[in-house]
Number of protein chains: 2
Amino acid sequence: MAPTRLSPPDLLAILEDRGYRITGPRRDVVRLLERKGEGFGAEQLCGELPSVGRATIYRTVRLLLEAGILCKLALPNGAPKYTLARFDHHHHTVCTQCGTVGDFRDSTMERLMRAIGAEIPGQIVGHRLEVYITCQGCLDR
Amino acid sequence: MAPTRLSPPDLLAILEDRGYRITGPRRDVVRLLERKGEGFGAEQLCGELPSVGRATIYRTVRLLLEAGILCKLALPNGAPKYTLARFDHHHHTVCTQCGTVGDFRDSTMERLMRAIGAEIPGQIVGHRLEVYITCQGCLDR
DNA sequence: CAATTAATGATACAAAGTATCACTAGATGG
DNA sequence: CCATCTAGTGATACTTTGTATCATTAATTG
């Protein structure tokens, strides 16, 4: 299963395919996100896009989450961060020093979920994994 | 490595060992927690213990988190839940239907972290894993 | 181009938690 | 045992992250 890369230009099309209108504000938000990709906060987007209302930014972020275009992850203290989903199924590394978000896929994870599935009663419907690191840059510095 | 079970009666002693005073309110909170164990919310504790101030409940929860007595976990929507840490290192299953929290240990997890550590630059300092399930009870029902 | 419907933005609100600060209660030393 | 000192408490205000409401505006569709 090769990682599926999502090209930024397709992002609006994905929203359109889901039956949403392509509006000015949505275009603005998506355009801003295309220039990001690293971890960012929703409130930060509001600051960088003052022409779009806060509610609309949060609404658009929610749509992109539901569409799988964005991922929401949590720092160790629980603070939320968003990141562009570059692959269809992946997990994140978050540097606890500088906040940089990376991602990885690991087949061991699939095996882990199968192993857990065999151990517990009930049916696995999803999971969340965050790996907290000190990134190479922060180690060097 | 056998799971280390923490006996509820020791909880106050753990706080004392960490240099905290054993006070009335802390005793009340710990006593309430001993009768729980399943997932619960902080605000819920406030409702069940109106004689203790909200700030003190949140402060005590924070102390217990730092002491490793409580775990904080997140539902799929990000809503926080707390649970008593019955083992020294473990992860959680959360039923998305009824909210019941379970826990498990899995050596595959340790292997997974080693595999990821070899793949990424930087140093792993921690991780968070939540497994979302439909529990047996909800499957039957 | 008019009518319809989705989307927007301002605002209020909600949930979860932290900061402040005057006051209280444990600990400690004489 | 009392005075003192410091940690802890509770009321309250505030912060952060998001959602609900609702009148207005902009896309779509016939």
Side-chain angles (χ1 to χ4, degrees), chain A residues 11-33 39-67 70-83 94 99 128 130, chain B residues 11-33 39-67 70-83 94 99 128 130:
Chain A
L11 299 189
L12 281 174
I14 292 175
L15 283 188
E16 200 165 25
D17 287 348
R18 295 174 72 95
Y20 299 113
R21 292 181 182 172
I22 303 307
T23 65
R26 285 182 181 158
R27 214 183 294 272
D28 293 346
V29 171
V30 167
R31 209 176 282 147
L32 175 60
L33 292 182
F40 50 86
E43 217 60 39
Q44 179 188 343
L45 298 180
C46 297
E48 295 174 15
L49 215 50
S51 63
V52 178
R54 211 173 77 96
T56 296
I57 291 197
Y58 274 94
R59 277 188 286 242
T60 305
V61 163
R62 182 156 29 112
L63 290 188
L64 295 171
L65 275 176
E66 284 163 8
L70 286 185
C71 294
K72 181 175 183 174
L73 49 97
L75 302 186
N77 64 10
K81 273 216 158 195
Y82 297 91
T83 189
V94 187
R128 169 204 296 267
E130 257 99 78
Chain B
L11 299 189
L12 282 174
I14 293 175
L15 283 188
E16 200 164 26
D17 287 349
R18 294 174 73 95
Y20 298 113
R21 292 181 182 171
I22 304 307
T23 66
R26 287 182 182 158
R27 214 183 295 273
D28 292 346
V29 172
V30 167
R31 210 177 281 148
L32 174 60
L33 292 182
F40 49 86
E43 216 61 37
Q44 180 187 343
L45 297 180
C46 297
E48 295 174 15
L49 215 51
S51 62
V52 177
R54 211 174 76 98
T56 296
I57 290 197
Y58 273 95
R59 278 188 287 242
T60 305
V61 163
R62 180 154 31 110
L63 291 187
L64 294 171
L65 276 175
E66 285 164 7
L70 286 185
C71 294
K72 181 177 185 173
L73 50 97
L75 302 187
N77 64 8
K81 272 217 158 194
Y82 298 91
T83 188
V94 187
R128 169 204 298 267
E130 258 99 78

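Residue numbers begin at 1 in each chain, while the letters A, B, ... track the order of the sequences. Note that the structure is predicted; figures quoted are calculated from it, not measured.
An OP1 or OP2 oxygen of dT9(D) is reached within less than 4.0 angstrom by a side-chain nitrogen or oxygen of Arg26(B). Side-chain N/O atoms of Thr23(B) include none lying less than 4.0 angstrom from OP1 or OP2 on dA7(D).
For Leu65(A) against Leu70(A), the heavy-atom pair with the smallest separation is CD2-O, 3.4 Å.
The CG-P distance, from Leu63(A) to dG18(D), rounds to 14 Å in whole Å. The distance between atom CD1 of Ile22(A) and atom P of dA26(D), rounded to the nearest whole Å, is 17 Å. Across the protein-nucleic acid pair, Ile57(B) atom CD1 and dT12(D) atom C1' stand 16 Å apart, rounded to whole Å. For the pair Glu43(A) CD and dT19(D) C1', the interatomic distance rounds to 13 Å; values are reported in whole Å. dA11(D) atom P lies 15 Å from atom OH of Tyr58(B), rounded to whole Å. When the C1' atom of dG18(D) is taken as reference, atom CZ of Phe40(A) falls 16 Å away, rounded to whole Å. Protein atom CG of Leu49(A) is 13 Å distant from nucleotide atom C1' of dG9(C), rounded to whole Å. Atom-to-atom, CZ of Arg62(B) to C1' of dG8(D) comes out at 12 Å; the value is rounded to the nearest Å.
Between Tyr82(B) and Gln44(B), the side chains place no donor N or O within less than 3.5 Å of an acceptor N or O (distance only, hydrogens not considered).
For the pair Glu43(A) and Arg54(A), the salt-bridge criterion is met [side-chain N within less than 4.0 Å of a carboxylate O].
Along DNA chain C, the nucleotide nearest to Gly53(A) and the one nearest to Tyr82(B) differ in position, and the one closer to the 5' end is contacted by Gly53(A). Two residues, Ala55(B) and Arg21(B), neighbour DNA chain D, and the one matched to the more 5' nucleotide by heavy-atom proximity is Arg21(B). If Arg59(B) and Arg54(A) are placed on DNA chain C by their nearest nucleotide, the residue sitting closer to the 5' end is Arg54(A).
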Val29(A) and Leu49(A): side chain to side chain contact (heavy atoms under 4.5 Å, CB included), yes or no, with the steps? CA-CA 8 Å; Val29(A) 171; Leu49(A) 215 50; 3.8 Å; yes

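Among the atoms of the strands shown, only primed sugar atoms or phosphate atoms (P, OP1, OP2) are found under 4.0 Å from some heavy atom of Lys72(A). As judged by a 4.0 angstrom heavy-atom cut-off over every strand, Ser51(A) is placed among residues touching the sugar-phosphate backbone only.
Expressed to the nearest 0.5 Å, how far CZ of Arg31(A) lies from CG of Leu12(A) amounts to 8.0 Å.
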